[in-house]
Amino acid sequence: KAGVTQTPRYLIKTRGQQVTLSCSPISGHRSVSWYQQTPGQGLQFLFEYFSETQRNKGNFPGRFSGRQFSNSRSEMNVSTLELGDSALYLCASSPGQGGFTDTQYFGPGTRLTVL
Amino acid sequence: AQSVTQPDIHITVSEGASLELRCNYSYGATPYLFWYVQSPGQGLQLLLKYFSGDTLVQGIKGFEAEFKRSQSSFNLRKPSVHWSDAAEYFCAVGARGTGFQKLVFGTGTRLLVSP
């Protein structure tokens with residue numbers, strides 16, 4: 001099976017712009033989670049979706065949003081970009097209903113740079 | 001609040017030598033514990049996990065970890081390190097709260113393997 005794919009792999013934006021990142025889970029997986037990875041804050045959980053519904057949400061401002069489509073593909077959106085949003089954004093899919101007891105398979109990430 | 005501490009930022013080990021990466025967690029209930037590895041330019045890969053039962057857990061790539069409740073530790077070990085093990089290693093704990101569950105990651109330990 002193909003792994004989790006994330007597009008684009010690299011992205012450069014300027015402050016104030018918005019960005020949309022895409023994640024295609026492993027075939028058959030219905031749960032998708034998003035994480036932000038920065039040198040300063042490390043890996044932080046953003047949100048999790050299952051069957052098009054947000055199941056869990058981390059402590060991020062409302063500028064960060066996401067959604068999941070009926071084919072389980074997911075997008076996350078960041079509006080009004082700030083310099084501190086520069087990070088590697090990781091997507092993970094899992095075969096069950098999500099939650100940390102469900103093994104997560106990570107994609108390679110999207111590297112976002114905000115100038 | 002749930003937290004994970006990885007006290008070693010960098011560790012250098014000679015190829016063929018044994019390895020132990022330290023992880024301490026803070027969690028009120030029975031913890032769900034994980035070790036992930038991240039190679040350069042890659043997403044995270046699950047090495048092993050502990051939910052309950054035998055406190056010595058075997059994982060992929062010859063890794064094992066031991067859960068010690070009395071020490072709140074979940075250290076990762078490998079008897080003989082290979083150059084391909086050079087990567088960043090993350091310990092994580094599954095955290096639950098009102099209306100959410102998520103993985104809380106440590107800050108990571110970068111493993112360097114010398115010839």
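In what follows, chains are A, B, ... by sequence order, proteins preceding strands, each numbered from 1. Atom set for the values below is all heavy atoms of this structure, side chains included, hydrogens, waters and symmetry mates excluded. Note that the structure is predicted; figures quoted are calculated from it, not measured.
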message: As a quick check of understanding, evaluate side chain to side chain donor-acceptor pair (under 3.5 Å) for A:Q54 and A:Y49, giving each step before the final call.
response: CA-CA 4 Å; A:Q54 188 178 88; A:Y49 288 87; 2.9 Å; yes

query: chain B: which of A:E48, A:Q44, A:Q41, A:Q104 shares the most heavy-atom pairs with it under 4.5 Å?
result: A:Q104

field: Smallest separation among heavy atoms of B:C23 and B:N75, with atom names
entry: N-OD1, 2.9 Å

- prompt: Salt bridge check: are A:E75 and A:R73 linked by an N-O gap of less than 4.0 Å?
  reply: yes

message: For A:F47 and A:F45: C-alpha separation, side-chain torsions, deciding distance, then whether ring-ring contact (aromatic ring centres under 6.0 Å, His included) applies.
response: CA-CA 6 Å; A:F47 26 63; A:F45 171 75; 7.6 Å; no

message: Check whether B:H82 reaches the backbone of B:S84 with its side chain - one donor and one acceptor, N or O, closer than 3.5 Å.
response: yes

Per-pair distances, 0.1 Å, donor-acceptor, side chain in residues 84-92 of chain A, under 3.5 Å, sequence neighbours excluded:
unit_1, atom_1, unit_2, atom_2, d
A:D85, OD1, A:R63, NH2, 3.0
A:D85, OD2, A:R63, NH1, 2.8
A:D85, OD2, A:R63, NH2, 3.3
A:D85, OD2, A:E82, N, 2.8
A:S86, OG, A:L83, O, 3.1
A:S86, OG, A:V114, N, 2.8
A:Y89, OH, A:Q36, NE2, 3.0
A:Y89, OH, A:D85, O, 2.7

query: Is it the side chain or the backbone of A:T101 that comes within 4.5 Å of chain B heavy atoms, both, or neither?
result: both

message: Under a plain distance cut-off of 3.5 Å, with no hydrogens placed, do A:T14 and A:Q17 share a side-chain donor-acceptor pair?
response: yes

field: Contact listing (chain A partner; residues 45-71 of chain B; heavy atom under 4.5 Å)
entry: B:L46, B:K49, B:F51

task: Check whether the side chains of A:S51 and A:R30 place a donor and an acceptor atom closer than 3.5 Å, and report yes or no.
output: yes

- request: Tell me the residues of residues 104-115 of chain B whose non-hydrogen atoms fall below 4.5 Å from those of chain A, in number order.
  value: B:F105

query: Taking the side chain as C-beta and beyond, is there a heavy-atom pair between B:N24 and B:Q6 under 4.5 Å?
result: no

message: A quick test of your reading: do over 12 heavy atoms of other residues, nucleotides or ligands sit less than 6.0 Å from CG of A:L115?
response: yes

query: Does anything in residues 34-43 of chain B pair up under side-chain hydrogen bond (donor to acceptor under 3.5 Å, both in side chains), and if so which pairs, sequence neighbours excluded?
result: A:Q37-B:Q38

- prompt: In terms of heavy-atom proximity below 4.5 Å to chain B, should A:R9 be classed as side chain, backbone, both, or neither?
  reply: side chain

